[in-house]
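Accompanying notes for the structure given below.
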Amino acid sequence: MQSIEEKWQKRWEETRIFEADADPNRPKIFVTFPYPYVNGDGHLGHLYSQLHAEFYARYKRMKGFNVLFPQGFHATGQPIVAAARRIREGDPKYIRILKAYGFSDEEIPEFGDPKKWIDTFVARWKSALHKMGFSIDWRRSFHTTELNPPYDKFVRWQYTKLREKGLVVRGTHPVVWCPVEKIPVGDHDRPDEYAGIGPEEIVVIKFRLPDGTVVPTGTYRPETVYGVTNIWINPEVEYVVAEVDGERWIISEWGAKHLKEQLHDVKIIDRIKGAELVGKTVKNPVTGKEVPILPASFVDPDVATGIVMSVPAHAPYDWIALEDLKKDEETLKKYGIEEIVKSIEPISLIEVEGYSEFPARDAVEKYGIKSQRDEEALERATEEIYKKEFYTGKLKEIFGEYAGRTVQDVKDELIERFKEMNAATTMWITPIPIEDRAGHKCLVKIVENQWFLKYSDEKWKEMAKETLKTTEFDPEPDARKAVEHTIDWLHDWACTRDVRSSLGTRLPWDDSQYVESLSDSTVYMAYYTIAHFLQNAEEYGINVDALDEEFFDYVFYGKGDPAKIAEKIGTSREIVERMRQEFEYWYPVDLRSTGKDLLQNHVTFSIFHHAALFPGKHIRRWTANGWVLLNGQKMSKSKGNFITIIMAQERWGADATRFAEAYAGNVTLEDANFDTSVADAMVEELPRWIEFIRRWYGKGTAEYRNIDRWFESKVNRIIREVDEEYEKLNTRNIVNLAWFEFWRTVKYYLRRTGDNPNREIFSKALENWVKIMTPVTPHTAEEIWHEVFGRDSFVSLERFPEAEEEKIDKRVEQLEEFVQRTVDDIREVLRLAKVEEPKRIVIILGDDWKYDAFKRVKELLAEGERNVGALMEAIPPEYRREVAKIITSAVKNPKRIPEIIGTKEDEFSALSEAKEFIEREIGVPVEVVKSYDHPKARSALPFKPAIVVE
RNA sequence: GCGGGGGUGGCCGAGGGGUCAAAGGCGUCGGACUUAAGAUCCGAUGGGCGUAGGCCCUGCGCGGGUUCGAACCCCGCCCCCCGCACCA
């Protein structure tokens, strides 16, 4: 099979049948899949979404459309740069990854260069997709970042335009920062255990010593300032005395450094040991209450200000620290604080269902916490209390005007108010101390040369929403709801990154910043329309350096003089005009297939950017899908159940893999399931399919029978339905119909005709069968098309069959169902009748009056009649008793009566024609009669003949 | 907590008021074919009853409700997955 696949891939490539150019005389379809990030191979999950685009492209091509399906690759961002650096540093983990890909020891050092990653994995992706039989126009392929100058120019143009429209604005932004290297520290620049930890904003409450010196305490829970009984300081730590924005503060040294990086004016003037402050009193700036400073070992000088406030009623840490201290006579004596400590009473602030007035105590007991060193349990307890109190707790009277509300509700208001009172400020920290990979301690810096996409802009939001009205989503409405919600909720997005830690396109007006990776991927589908010219610039004499705003303005907006532009960039006016035509013709995208995870970011961004840059040309249809499970399990490298596209191709070949992916699910946001047993089975089934068709193509009789009409009806029905499913991209339904249902129909037809199909009808059906399977299994289809049918054309370019509506005949199908049902009934009767050796079976049709009577009953039921008496009117009086039961049950469930009541004649001829078939099936001679002298004969009904075994 | 999706038979999955003991696939069992195995074809596959094609019970996460009738509609609850951002 693999060699057959290779053969067709080569033929498609040589004949360039998937290369598409603008052709104003033909309707077009433009299909895309998000460009994948090239730091590794694609897997079954990528392939699943990608195949939606591929199936659609192939289907539409067979529907007569001029179809463009291009594919680019994404290299913007940090992971590749970070991986390259790790290879340079000899990181064994990264070397292992590359070894697992099969790269040699000699080649691995080359991966120290990010470009090597890009080149290698772009090539691997392309090869994988090629081997999967994708109908991609590879001339238009490209990768991102300034390593690809023409694309780089395109992104710069895009940002120039956005800035002109006021949609890119300057702002500040907190980042995790290495103060030694003076560089932001992203996930990829840290040891793995620190990945995913970002800056968090905390509130600093400004307690004050009698002389006004600020003793700042950091907290996530500023609302609990009402319940502070004391503040904690670490007696062993040396703090600094600093002038902060004109006030005198005592703070940990690390805290002071943070503030300095966060746009505060900080001057260190002195140092002071924590112990010196123990026993002193500070004033709560919110309540005005005086509280003592007490010693606690759990206070970490590297977190926030290095001083915390104590709310024992609601914070497990504080509760246990106070307990510890009360028992610690030595310390109490040392600082002379026995009296103070023993008099401390927790203050209850928040009422929480299921907890006492001191939830912290409850949690400490529940988790069995013995001392402030039980850190793990304390963390869990804290989290539990925090969540409960935050979402469900009610503030008590002590909160005055805020009483009765929830923390969630009032938190922001409180913070604002505390700030206005100069009782608090805010500060950014990392929740735990972080180091970069060089071992430098990181802090949070607020960077000022940061640029934002102004997604908060109301007008922009409106424009984005407006385009939704003419955008389709699959699945509807789930995907649409997700996007709508995101548009409402999205605020400004930091869209640039420091060039020292990333890869991308530089902002046209700020060389130090790259456009961030999600932000350079919003309208690039437009680039595909001209990519074959720009990516092969020499061929067209295009000088890439000269591609400027004017050029792109012409291509995308039709502004300017093509002749002048042509001269400037070194090519002909014709080429420049052709680029404009390509864009005009292809844009917008008709279908974009994506993963559900991108709905809340990439998809929404793209909608925003299209609204701003290409008004009226937004993407017409988005289709989103869930993850792909592997045999019901999440795929993961560590579990060892991870299948890349390349691995799948090697194991099953393209068509079997494509089939199993199609079978994995329909269009929904639920997870799909790739079943390896389906792929395994298809490896056997596809060659068998070829042989089956070879055996039957052109065989059969010229006779035209009722059963041939049935077959035509079924086949055309399948074609009609599969056509709809292709349009909807319900791939599982496609395969269910075009494969399983078709097989069943074909097999039954052969059995029914005693292996004597109608030649013309059957052969035509086989051709159509191959066609409707072509998008899913194109290689096998081409093979049959050429080698079995002897055609010269590509089936990939053949017209998708049109269902012949006039041949779809429900009545004919129902009569065949009648035959099947009769066979089933005979089987059942034979099983139960216990006749030793049945000699013959007599099938007796119902009396004539029953057909008319049932028809009348059916009509009345359809009109809504539910009165048994009224229905009985339709039955001749002498028979009423006989059918009373069935009428009663029909009233309860009208569908008990067959959908169509045919004529006795139809039923008679259907059974008569099927006589031989029935005999073959049950192995007993059969007689079909219109009436018979036997007690059973009376039980015959329309659609249900009486059966007598003799 | 918020937003989105979901919980159906041994497994994967359709179905979104009556034709539903629930399509289709996989698996399992029985039969045909075969020297045999495999493949293929046919049949069965919740439980019980039935010398007549049928009947009864249980059943679509849990508990209520609406309805002549609920897997499907409504209310409450439990559980699972994804996102909650500057990361691709």
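Keep in mind that the numbers below use all heavy atoms, side chains included, and drop hydrogens, waters and symmetry copies. All values reported here derive from a predicted model rather than from experimental measurement. Below, chains carry the letters A, B, ... as their sequence lines are ordered, and counting in each starts from 1.
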Requested in this report: Map A:T668 and A:N39 onto RNA chain B by nearest heavy atom, then report which one ends up closer to the 5' terminus.
Outcome: A:T668
Query raised in the report: Looking for any heavy atom pair under 4.0 Å, which part of the strands does A:L518 touch: base, sugar-phosphate only, or nothing?
Result: base
Query raised in the report: Tell me: CG of A:D755 to P of B:U40, nearest whole Å?
Result: 17 Å
Query raised in the report: Does CD in A:E916 sit with more than 12 non-hydrogen atoms of other residues, nucleotides or ligands closer than 6.0 Å?
Result: no
Query raised in the report: Base, sugar-phosphate, or nothing for A:L490, non-hydrogen atoms under 4.0 angstrom?
Result: base
Requested in this report: Check every atom of B:G50, B:C81, B:G13 against the side chain of A:R831 and return the nucleotide holding the closest atom.
Outcome: B:G50
Query raised in the report: How far, in whole Å, is B:G43 from B:U8 if one measures between their C1' atoms?
Result: 26 Å
Report task. May I ask you to verify whether the side chain of A:Y663 and the base of B:G24 hold a donor-acceptor pair under 3.5 Å? Result -> yes
Requested in this report: Salt-bridge test for A:K714 and A:E741: reply yes if a basic N is under 4.0 Å from a carboxylate O, no otherwise.
Outcome: yes
Query raised in the report: If the C1' atom of B:G10 is compared with that of B:C60, how far apart are they to the nearest Å?
Result: 16 Å
**Report entry** Separation between the C1' atoms of B:G9 and B:A21, rounded to whole Å
**Finding:** 9 Å
Query raised in the report: Rounded to the Å, how far apart are A:H602 NE2 and B:C86 C1'?
Result: 15 Å
Query - Candidates B:C26, B:C82, B:C87 - which lies nearest the side chain of A:W627 - result: B:C82
Report task. Any salt bridge (Lys or Arg N to Asp or Glu O under 4.0 Å) involving residues 661-679 of chain A? Give me the pairs, sequence neighbours left out, ordered by first then second residue. Result -> A:K596-A:D671
Requested in this report: Check A:A624 against A:V667 and note the closest heavy-atom contact, atom names and distance.
Outcome: O-CG1, 4.1 Å
Side-chain donor-acceptor pairs of residues 493-501 of chain A under 3.5 Å, sequence neighbours excluded:
| from | atom 1 | to | atom 2 | distance (Å) |
| --- | --- | --- | --- | --- |
| A:W493 | NE1 | A:E516 | OE1 | 2.9 |
| A:W493 | NE1 | A:S519 | OG | 3.4 |
| A:T496 | OG1 | A:Q450 | NE2 | 3.0 |
| A:T496 | OG1 | A:W451 | N | 3.3 |
| A:T496 | OG1 | A:Q513 | OE1 | 3.1 |
| A:R497 | NH2 | A:A494 | O | 3.2 |
| A:D498 | OD1 | A:R500 | N | 2.8 |
| A:D498 | OD1 | A:R500 | NE | 2.9 |
| A:D498 | OD2 | A:R500 | NH2 | 2.8 |
| A:R500 | NH1 | A:K182 | O | 3.0 |
| A:R500 | NH2 | A:K182 | O | 3.2 |

Query raised in the report: Can you list the stems that include RNA chain B, where a stem is three or more consecutive Watson-Crick or G-U pairs with distances under 3.5 Å?
Result: B:1-7 with B:78-84, B:10-12 with B:24-26, B:27-32 with B:40-45, B:46-49 with B:54-57, B:61-65 with B:73-77
Query raised in the report: Roughly how many Å is it from CZ in A:F917 to C1' in B:C42, rounded to a whole number?
Result: 11 Å
Query raised in the report: Reckon A:R744 touches a base, only the sugar-phosphate, or nothing at all at heavy-atom distances under 4.0 Å?
Result: sugar-phosphate
Query raised in the report: Which listed nucleotide (B:G50, B:C86, B:G5) is nearest to the side chain of A:E828?
Result: B:G50
Report summary line: When rounded to whole Å, the CG to P distance for the pair A:L830 and B:G50 reads 19 Å
Query raised in the report: Can you find a donor-acceptor N/O pair under 3.5 angstrom joining the side chain of A:D825 to the base of B:G53?
Result: yes
Requested in this report: Would you indicate, yes or no, if B:A88 has its OP1 or OP2 atom less than 4.0 angstrom from a side-chain nitrogen or oxygen of A:S517?
Outcome: yes
Query raised in the report: Which part of the nucleic acid does A:Q78 contact within heavy-atom distance under 4.0 Å: base, sugar-phosphate only, or nothing?
Result: sugar-phosphate
Query - Options B:C87, B:A52, B:U40, nucleotide nearest the side-chain atoms of A:V949 - result: B:A52
Query raised in the report: When you measure from the side chain of A:I947, which nucleotide among B:G53, B:A88, B:C12 comes out closest?
Result: B:G53
Report summary line: Residue set satisfying side chain to side chain contact (heavy atoms under 4.5 Å, CB included) with A:A464, at least two apart, ordered chain then number -> A:I487, A:I607, A:F608
**Report entry** Per A:K634 side chain, nearest of listed nucleotides B:C81, B:G53, B:A88
**Finding:** B:C81
Requested in this report: Starting from P on B:C55, measure out to CG on A:L832 and report it in whole angstrom.
Outcome: 13 Å
Report task. Using a 4.0 Å heavy-atom cut-off across all strands, classify A:A482 as base, sugar-phosphate, or nothing. Result -> nothing
**Report entry** Any A:K747 side-chain N or O less than 4.0 Å from OP1/OP2 of B:U40
**Finding:** no
Query - Proximity to the side chain of A:D671 - top-ranked nucleotide from B:C81, B:A88, B:G5 - result: B:C81
Report summary line: Looking only at B:A88, B:A52, B:G3, the nucleotide nearest the A:E516 side chain is B:A88
Report task. Counting heavy atoms from C-beta on, name the nucleotide in B:G5, B:C86, B:G3 closest to the side chain of A:H485. Result -> B:G3
Query - Spacing of the P atoms in B:G64 and B:C29 (rounded, Å) - result: 40 Å
Report summary line: Rounded to whole Å, CD of A:E200 lies from P of B:C86 at a distance of 11 Å
Report task. Run the salt-bridge test on A:E950 and A:K839 with the 4.0 Å N-O cut-off and return the result as yes or no. Result -> no
Requested in this report: For B:C11 versus B:A23, give the span between their P atoms, rounded off to a whole number of Å.
Outcome: 15 Å
**Report entry** Nearest to side-chain heavy atoms of A:E685, which nucleotide of B:U40, B:C42, B:A88
**Finding:** B:U40
Report task. Considering just the side-chain nitrogens and oxygens of A:K596, establish if one lies under 4.0 Å of OP1 or OP2 belonging to B:G3. Result -> no
Query - Passing candidate, side chain to side chain contact (heavy atoms under 4.5 Å, CB included) with A:V926, options A:I843, A:I947, A:L911 - result: A:I843
Query raised in the report: For the pair made of CZ in A:F473 and C1' in B:G5, what is the distance, rounded to whole Å?
Result: 16 Å
Query raised in the report: Taking the P atom of each, how far is B:C72 from B:G83, in whole Å?
Result: 30 Å
Report summary line: A:H602 meets the ring pair (Phe, Tyr, Trp, His ring centres under 6.0 Å) criterion, sequence neighbours left out, with none
Query raised in the report: When you compare B:C68 with B:C12, how far apart are their C1' atoms, in angstrom units rounded to a whole number?
Result: 36 Å
**Report entry** Touch class at under 4.0 angstrom, heavy-atom based, for A:D675 against every strand present
**Finding:** nothing
Query - Length of the CD-C1' vector between A:Q633 and B:C12, whole Å - result: 13 Å
Requested in this report: Taking atom C1' in both B:G5 and B:U19, compute the distance separating them and give it to the nearest angstrom.
Outcome: 31 Å
Report task. Kindly indicate whether the side chain of A:Y524, heavy atoms from C-beta on, has any atom under 4.5 Å from the side chain of A:D520. Result -> no
Query raised in the report: Which part of the nucleic acid, if any, lies within reach of A:R751 when heavy atoms closer than 4.0 Å are counted: base, sugar-phosphate only, or nothing?
Result: sugar-phosphate
Requested in this report: Identify whether any heavy atom of A:T76 sits under 4.0 Å from a base atom; if not, whether one sits that close to sugar-phosphate; answer base, sugar-phosphate or nothing.
Outcome: sugar-phosphate
Requested in this report: Scan A:A479 against the nucleic acid and name what it touches under 4.0 Å (heavy atoms): base, sugar-phosphate only, or nothing.
Outcome: nothing
Query raised in the report: Can a donor-acceptor pair under 3.5 Å be found between the side-chain atoms of A:R920 and the base atoms of B:C42?
Result: no
Query raised in the report: Can you list the residues that meet the salt bridge (charged side-chain N to carboxylate O under 4.0 Å, His left out) rule with A:E691, with sequence neighbours excluded?
Result: A:R694
